[in-house]
Amino acid sequence: MPLSFMKDSVTRYRAPVTKYNGQDKYDWANAVAKTIPNVQVVEQSTARVFEDRTLNISERYTLRAKYDADIEAGDRIVWNGNTYEIEGKVFHTKSPTGRVSSTRCTLVRWVG
């Protein structure tokens, strides 16, 4: 059962991965979409950086979902009309009581 504050939904995109010159290459043109219901997305931080006279802004959010949510590092998340990348690892945390087990990750988007 989702917690009362987890009332939003996001769309998760997962791209097939192939190796190219020893590096992972994501084929976003063939990504598979899946709606993940019962999530909460909250603001985490924002940063402003000037590079070569260009203003770059990053936005970071924390996404919380049910423990068994199908979200992995490397996925892209669409929420509120914006596309975010998952920054770092996705944490699947089990609660000792089972009541608040959750999946948590950081979403990031760059503008500029």
Side-chain angles (χ1 to χ4, degrees):
M1 177 170 93
L3 299 174
S4 62
F5 52 83
M6 298 172 78
K7 295 182 177 184
D8 213 345
S9 65
V10 297
T11 304
R12 186 266 297 148
Y13 287 88
R14 183 167 297 150
V17 180
T18 57
K19 290 285 187 188
Y20 181 76
N21 289 336
Q23 300 287 328
D24 287 345
K25 180 174 164 70
Y26 292 87
D27 182 8
W28 290 109
N30 293 308
V32 176
K34 179 179 182 178
T35 300
I36 309 289
N38 303 319
V39 303
Q40 178 193 36
V41 181
V42 295
E43 299 88 352
Q44 188 182 93
S45 68
T46 186
R48 190 171 75 151
V49 178
F50 285 101
E51 291 180 13
D52 298 325
R53 297 183 185 210
T54 302
L55 175 61
N56 296 299
I57 298 173
S58 66
E59 303 171 355
R60 284 179 171 70
Y61 294 84
T62 299
L63 180 140
R64 288 188 60 204
K66 295 189 318 183
Y67 177 77
D68 59 353
D70 186 14
I71 301 172
E72 299 175 356
D75 291 345
R76 288 186 177 166
I77 302 292
V78 174
W79 174 71
N80 245 10
N82 295 311
T83 302
Y84 298 88
E85 294 187 19
I86 293 177
E87 183 176 62
K89 185 177 177 177
V90 176
F91 296 97
H92 299 278
T93 307
K94 269 206 164 188
S95 164
T97 64
R99 175 72 177 123
V100 290
S101 298
S102 66
T103 295
R104 184 175 36 87
C105 63
T106 299
L107 306 179
V108 65
R109 178 173 88 109
W110 295 274
V111 180

Inset, instruction - Look only at the side chain of Ser101 and the backbone of Ser95, and say whether a donor-acceptor pair between them is shorter than 3.5 Å. - result: yes
Legend entry - Side-chain donor/acceptor of Thr103 to backbone N/O of Tyr67, under 3.5 Å: yes
Legend entry - Pair listing, salt bridge (charged side-chain N to carboxylate O under 4.0 Å, His left out) test, anchored in residues 102-112, at least two apart: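 As it turns out, the salt bridge (charged side-chain N to carboxylate O under 4.0 Å, His left out) pairs with a partner in residues 102-112, which skip direct neighbours, are Glu59-Arg109.
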Please round to the nearest 0.5 Å and tell me the distance separating atom [atom1] of [X] and atom [atom2] of [Y].
X	Y	atom1	atom2	answer
Ile36	Asp68	CD1	CG	9.5 Å
Ile77	Ile86	CD1	CD1	4.5 Å
Leu63	Ile71	CG	CD1	5.0 Å
Thr106	Lys89	OG1	NZ	13.0 Å

Legend entry - Minimum-distance pair of heavy atoms, taken over all atoms of Ala65 and Val39: CB-CG1, 3.7 Å
Inset, instruction - Work out which heavy atom in Gly88 is nearest to a heavy atom in Ala73; give both atom names and the distance. - result: O-CB, 3.6 Å
Legend entry - Co-members of Trp110 in a cluster of I, L, V, M, F, W and Y side chains, linked at under 4.5 Å: Val108
Contacts of type side chain to side chain contact (heavy atoms under 4.5 Å, CB included), residue [X], not counting sequence neighbours:
X	value
Val32	none
Thr35	Ser9, Thr11
Ala15	Tyr26, Trp28, Ala31
Asp27	Pro16, Ala29, Asn30

Taking side chain to side chain donor-acceptor pair (under 3.5 Å) as the definition, give me every residue that meets it alongside [X], ordered by chain and number, with sequence neighbours left out.
X	value
Ser102	none
Arg14	Asp70, Asp75
Asn21	none
Asp24	Lys19

Inset, instruction - Output every pair passing ring-ring contact (aromatic ring centres under 6.0 Å, His included) with a member in residues 77-107, not counting sequence neighbours, ordered by first then second residue. - result: Tyr61-Trp79, Tyr61-Tyr84
Inset, instruction - Step by step, work out the side chain to side chain donor-acceptor pair (under 3.5 Å) result for Arg60 and Ser58. - result: CA-CA 7 Å; Arg60 284 179 171 70; Ser58 66; 3.0 Å; yes
Inset, instruction - Sequence neighbours left out, what passes ring pair (Phe, Tyr, Trp, His ring centres under 6.0 Å) with Tyr13? Give chain and number order. - result: none
Legend entry - Validation row: Cys105, Leu107 side chains within 4.5 angstrom (heavy atoms): yes
